[in-house]
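One structure below.
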Amino acid sequence: MLDMDRDGGLGTALRRGTLEFCVLALLEGQRRYGVELVTRLGAESALTTSEGTLYPLLSRLRRAGWVDTFWQESPAGPPRRYYGLTSHGKAALAHFREEWVAFRDAVDHIVGTERT
Amino acid sequence: MMPSTKGKDRLVEEYLAAVADACIGLPPVRREELLDDLREHIAVARSRLNQPSEADIRTILDRLGEPAAIAAEARANEPPATVARVPAWTADLQVTRRASPLSVVVVVAALTFAAFLIAMVVGIVVFLVPV
């Protein structure tokens, strides 16, 4: 039986594998500190359940070598950890863009969600 | 002002303790890293506000989200072998369909019987039709 209350599971499944590339895209051409990054993503309710859930993802992207970080003094308050895209991260994002277009088109075609 | 600062710090420490408790099964190094990231987030978010109130701190923590949800996400971002206890919902993913042993036996028996019938028909035809 279709249980619409468990839609959260669908959201989680759709985010898995796509959200990390949204992070990479936000860092393209611009370094951002953690709060800035998660606030920006947290504002998109379709992408994020809460700001805190993004930190494990950022940790994995650091370990994968797709982003690097450095600490920078802030004019007010504690130093901030800035995130930037590495060459590996740029390549991963470019690859995702190609795959995503093909994937999206195929799903739209089968499911009948093509935009007219 | 000192007592209220203390109250705000206590809110933060309670929140981080709840996250630490929820991180069961996560490698200790990963748990510490997560707590450091969250601690830094809270410190920076506080510094962006002009004299944040207790309500402001609660808002920062609310936006970070449920400790259990953050811990679950941390486990999901780990290679499976390093996670000691997997969340219950992954059990749904373990359901895979396999052919049952009985259906395999039935199919093999049917194929054998069919081959036997064909061999018999061929034998009879060869025997009855004179060359």
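In what follows, every chain begins at residue 1, and chains take the letters A, B, ... in the order their sequences are listed. Keep in mind that this is a model prediction, so the values were computed, not measured.
In this structure, B:Arg31 places its CZ atom where more than 12 heavy-atom neighbours from other residues, nucleotides or ligands lie under 6.0 Å away. Heavy atoms of other residues, nucleotides or ligands lying less than 6.0 angstrom from CZ of A:Phe103 number 12 at most. Summarising the local packing, CD of B:Gln51 is surrounded by 12 or fewer heavy atoms from other residues, nucleotides or ligands at distances under 6.0 Å.
The distance from the CD1 atom of B:Ile70 to the OH atom of A:Tyr55 is 10.0 Å, given to the nearest 0.5 Å. For the atom pair CH2 of A:Trp71 and CD of B:Glu40, the computed distance is 4.0 Å after rounding to the nearest 0.5 Å. A:Leu58 CG to B:Leu34 CG: the interatomic distance, rounded to the nearest 0.5 Å, is 10.5 Å.
The side-chain heavy atoms of B:Arg48 and A:Arg80, taken from C-beta on, include a pair separated by under 4.5 Å. Taking 4.5 Å as the limit, every side-chain heavy atom of A:Pro78 sits out of range of all side-chain heavy atoms of B:Arg46. Two residues are said to be in side-chain contact when any heavy atoms from C-beta on lie closer than 4.5 Å; B:His41 and A:Leu37 fail this criterion.
Your options are A:Thr49, A:Leu57, A:Leu54, A:Val38, and the one with the most heavy-atom pairs under 4.5 Å with chain B is A:Leu57.
When the side chains of ILVMFWY residues are joined at heavy-atom separations under 4.5 Å, either directly or via intervening members, B:Ile118 and B:Val126 end up in a single hydrophobic cluster. In the hydrophobic clustering of ILVMFWY residues, with side-chain heavy atoms under 4.5 Å counting as a link, B:Leu26 and A:Leu61 come out apart. Note on A:Leu19 and A:Val107: same hydrophobic cluster, where clusters join Ile, Leu, Val, Met, Phe, Trp and Tyr whose side-chain heavy atoms are under 4.5 Å apart, directly or indirectly. A continuous path of Ile, Leu, Val, Met, Phe, Trp and Tyr side chains, each step under 4.5 Å between heavy atoms, connects A:Leu93 with A:Trp100, placing both in one hydrophobic cluster. Taking hydrophobic clusters as Ile, Leu, Val, Met, Phe, Trp and Tyr residues chained together by side-chain heavy-atom distances below 4.5 Å, A:Val23 does not share a cluster with A:Leu14.
Taking a cutoff of 4.0 Å between a charged side-chain nitrogen and a carboxylate oxygen, A:Arg81 and B:Asp36 do not qualify as a salt bridge. A salt bridge does not link A:Arg60 with B:Glu73: none of the charged nitrogens is closer than 4.0 Å to a carboxylate oxygen.
Residues satisfying the side-chain hydrogen bond (donor to acceptor under 3.5 Å, both in side chains) criterion with A:Gln30, sequence neighbours excluded, are A:Arg32.
Taking non-hydrogen atoms and a 4.5 Å limit, the residue list of residues 58-68 of chain B in contact with chain A, ordered by number, reads B:Arg63, B:Leu64, B:Gly65.
Judged purely by atom type and a 3.5 angstrom limit, B:Glu33 has no side-chain atom pairing as donor or acceptor with the backbone of A:Ser59.
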